[in-house]
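In what follows, a structure is listed as structure tokens, so that the remarks can point back to it.
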Amino acid sequence: MSKVALITNISGQDGSYLAELLLKKGYTVHGIIQQGPFLNAEYFSDNLYVNNPDFRIHHYNQSEISNPGRLLALIRPDEIYNLGIPSGTTTHSTLASVGISVLRMLEAIRSQGLEHKTRYYQASSSTLCGLVDGMSVNEMVTFSVPSADAVAQISDFWTVVNYRETFGMYACNGILFNHESPRRSESFVTRKITRGLANITQGLEKCLYLGNLNALRDWGHARDYVKMQWLMLQQDKPEDFVIATGVQFTVRQFVTFAALELGIKLRFVGKGIEEKGVIAAIISPVAAALKVGDVIVTVDPRYIRPAEVSKVSANPSKARRQLGWAPETSLQDLVIEMVLADLATAKEAARLKLYG
Ligand code: GDP
């Protein structure tokens, strides 16, 4: 009998990679998406999904999300991956869509008598750690509450710990640091950079406008991180883990690497909000339409955050030590993958513009 997994928010970046991983492992995968547009065709065009009886999608409305018991009774999952964390929402809506649903999901597992069968994974993020600027975060971190997202995530985190300790459930939290991919939303800086620079090489945009170029982040590949999510549910006892690479880069370095992959050597001039990225050399035909001296990166104060976590440093050694997990994709390889995907899209858009 194959294992059955339920993934919430399956159409997002992590949900889609996790679905791919579990289907390859022979699982039957059920995914919840909120009623609305169907899965992003780009992610799910693979034959893993098309006419695959092991892959089922459930369109849920708000009232069903607050009462997942019926679905659990129907599919009796061995594993639940609760990935439903929308970012940038207000406290009220974040708690309504995330915090309460964690509690409801754990209660639904109990009320269906599945508490000793179903293993539960809760996706938390470095948001949980709030403004611990510059501190290296491990599983023992003390949380602070600087944002609406953090309030919701802290509530989720302790709810999971509480159900594990009180009811002996296999429930754990993954504290994930930034993880990116070509499937990342453009509201995150990495994708904004790769898409913006790819568009610039194809004449679709003139300049990329960014905020704090000095911000340091620990960026990994989402594909590596979902492996860790799965591993967390395969242990003898449930525990919480930090998932990160342990290595940090600045936003400026990410821009520099992405530009290089597109054949552009950048030079940064000026300081603070006057800083600009200027083309110092063109080293590949991809960027042949651009000129040395062109300004293609500008700091725009609109993107500088009033309450910024400028340094996020993680300590993922527990994952390495206990689960033997280490990220497989380097930052350079992540940048290449993202740039190539965005370049292909930009070339197609430029072609359509030319002939359309
Ligand atoms: P976060 O770590 O979850 O906030 O992920 P983001 O990708 O949104 O931001 C990462 C870092 O990039 C933060 O320190 C931002 O201040 C910084 N950053 C600089 N310019 C931008 C920008 O234009 N957009 C975004 N989203 N972040 C930017």
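Counting starts at 1 for both ligands and their atoms, following the listed order. All residue numbers refer to positions in the sequence shown, counting from 1.
Near Val251, the atoms of ligand 1 lying under 4.0 angstrom from a non-hydrogen atom of the residue are 12 (O), 17 (C). Per-residue contacts place Tyr303 under 4.0 angstrom from the following atoms of ligand 1 (heavy atoms of the residue considered): 23 (O). Residue contact check: Ala215 has heavy atoms under 4.0 Å from atoms 14 (O) of ligand 1. Taking every non-hydrogen atom of Gly211 and a distance limit under 4.0 Å, the qualifying atoms of ligand 1 come out as 19 (C), 20 (N), 21 (C), 23 (O). Taking every non-hydrogen atom of Asn178 and a distance limit under 4.0 Å, the qualifying atoms of ligand 1 come out as 1 (P), 2 (O), 3 (O), 5 (O).
With sequence neighbours excluded, the residues satisfying ring pair (Phe, Tyr, Trp, His ring centres under 6.0 Å) with Tyr225 are His179, Trp325. The salt bridge (charged side-chain N to carboxylate O under 4.0 Å, His left out) check on Lys353 picks up nothing, with sequence neighbours excluded.
For the residue pair Asp333 and Thr329, no side-chain donor N or O sits within less than 3.5 Å of a side-chain acceptor on the partner.
Classification of Lys318 and Asp240 as a salt-bridged pair fails, no side-chain N sitting under 4.0 Å from a carboxylate O. Salt bridge Lys25/Glu79: absent, no basic N to carboxylate O contact under 4.0 Å. Using a 4.0 Å cut-off between charged nitrogen and carboxylate oxygen, Glu180 and Arg217 do not count as a salt-bridge pair.
Looking at ligand 1, you'll find an N or O of Ser187 within less than 3.5 Å of one of its N or O atoms. Checked by distance only, ligand 1 and Val189 come closer than 3.5 Å through their nitrogen or oxygen atoms.
The residue from Arg217, Lys192, Arg191, Arg305 that puts a heavy atom closest to atom 8 (O) of ligand 1 is Arg305.
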